[in-house]
Amino acid sequence: MECYVCPHRCGVDRPADMHAEGMFGSCHCGLKPIVARAALHFWEEPCISGEKGSGTVFFSGCNLHCVFCQNYEISSLNKGKEITIERLREIYFELIAQGANNINLVTPTHFTHAILESLKEPLPVPVVYNTSGFETLDTLRKLKGKVQIWLPDLKYSDDLAAIKYSNAPSYFRIATDAIKEMYKQVGPYKLNDGGIMQSGVIIRHLLMPGMVENTKGVIDWVAKTFKPGEVMFSLMHQYVPCGRAADYPEINRRVTDEEYAEVEQYLFDSGIEDGFVQEDDSACEDFIPKFDGTGV
């Protein structure tokens, strides 16, 4: 079956697993899901993690391959274990038994076929789709009704930066179209009495060094597109140089206090009311999970 699951639209007949011969496409993965970690995660937005934690399933491989990815060892080096669809569903229920507020699928798009199979029967908690935002409308529509909470990045308003750092031509158009489709599916966000999200969209954006104008462009789009009460916006201040950032000197540093103060004020002035900002100490490698096969 030719693969068109992501905007790269490779059109290759992906092998069933990583041990088979064939063309693997942009994601460098077969069809069988590869998982690097499955555990309660307490460092998502408060309405996702809460006190009980988010039941995160970290998939290996990615269709984006950002050079600065903090999960580089799994997103680009594919560290992880291949599992069956049956085992994937078992993992969901193991995390739910541990008290997870939700099942949080991290970088899942290249395994959409397996995920759809694993979600044939609904789960007793919301499903979070934690994505780069680089999605096709066709794939998102196949997931309609299976996903209650969309957690997309909106990494770039600057398409040249998207090409340079993520090999993602037309990223801004593709990601903004995707986010509008996500909102169309689930509508304004809803929280339970404990402040835990049950459905909705949280748009994430990571401020990167030297890219203040890129961030302002993202904030402008969100403010123009959505009214208060419709989506949440999460401005992230956790960038640390990871992956191959050393090959790009301009991003091989942390964000300065002045850069963050400028975009934080811009956000406060934008009219966006619903969401989150991170503290300075979020830019720390201690917050990167250990991809040691826990829970797999």
Side-chain angles (χ1 to χ4, degrees), residues 33-62 69-75 79-109 111 114-115 118-119 121-132 143 146-153 186 189-204 206 232 234 236-238 240 242 275-279 281-296:
I34 309 170
V35 178
R37 179 182 177 85
L40 296 179
H41 193 56
F42 296 91
W43 302 323
E44 305 284 36
E45 284 75 7
C47 63
I48 298 293
S49 286
E51 294 183 0
K52 295 181 178 179
S54 178
T56 48
V57 181
F58 287 91
F59 293 96
S60 301
C62 184
C69 182
Q70 69 176 21
N71 297 348
Y72 189 82
E73 64 180 317
I74 65 170
S75 64
K79 178 181 177 181
K81 178 182 178 182
E82 282 190 323
I83 61 173
T84 64
I85 294 170
E86 292 74 22
R87 175 59 190 145
L88 181 58
R89 189 165 173 87
E90 285 176 0
I91 287 172
Y92 300 161
F93 281 94
E94 288 168 7
L95 292 170
I96 292 167
Q98 293 172 39
N101 288 311
N102 44 59
I103 294 299
N104 186 346
L105 308 176
V106 184
T107 320
T109 298
F111 297 124
I115 287 166
S118 74
L119 295 175
E121 297 297 325
L123 300 181
V125 298
V127 173
V128 180
Y129 202 83
N130 191 333
T131 165
S132 68
L143 290 158
K146 306 289 187 185
V147 172
Q148 289 73 48
I149 299 170
W150 295 98
L151 191 56
D153 291 338
V186 296
Y189 69 85
K190 295 180 176 63
L191 309 179
N192 67 13
D193 291 342
I196 301 301
M197 183 172 276
Q198 301 302 294
S199 65
V201 178
I202 303 177
I203 302 167
R204 284 176 163 174
L206 175 66
M232 289 190 174
S234 181
M236 304 176 77
H237 186 22
Q238 64 185 52
V240 291
C242 293
F276 308 94
V277 294
Q278 288 183 322
E279 301 298 329
D281 58 5
S282 299
C284 176
E285 293 178 356
D286 291 346
F287 291 102
I288 300 174
K290 297 207 176 344
F291 300 114
D292 53 5
T294 294
V296 182

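Since the structure is predicted, the reported quantities are computational estimates derived from the model, not experimental observations.
- Side-chain atoms of Glu44 and Ser54 include no donor-acceptor pair closer than 3.5 Å.
- Considering CZ of Arg204 and CG of Asn130, their distance stands at 5.0 Å, rounded to 0.5 Å.
- Ring geometry for Phe291 versus Phe58: interplanar angle over 60°, hence perpendicular rather than tilted (30 to 60°).
- The CD1 atom of Ile48 lies 6.0 Å from the CG atom of Leu151; values are rounded to the nearest 0.5 Å.
- To the nearest 0.5 Å, atom OG of residue Ser118 and atom CG of residue Leu123 are 7.5 Å apart.
- Checked for salt-bridge contact, Arg87 and Glu82 miss the test: no charged N lies under 4.0 Å from a carboxylate O.
- Atoms CG and CD, on Asn101 and Gln198 in that order, are 8.0 Å from each other to the nearest 0.5 Å.
- Considering only heavy atoms from C-beta on, Leu143 comes within 4.5 Å of Trp150 through its side chain.
- From Ile149, atom CD1 reaches atom CE of Met232 across 10.0 Å, with rounding to the nearest 0.5 Å.
- Interatomic distance, Ile202 CD1 to Cys47 SG, rounded to the nearest 0.5 Å: 3.5 Å.
- Gln148 places no side-chain N or O within donor-acceptor distance of the main-chain N or O of Ser199, the cut-off being under 3.5 Å.
- Under the salt bridge (charged side-chain N to carboxylate O under 4.0 Å, His left out) rule, Asp292 has a single partner from Arg37, Lys79, Lys81, which is Arg37.
- The neighbour count for Glu51 CD, taken as heavy atoms of other residues, nucleotides or ligands under 6.0 Å away, does not exceed 12.
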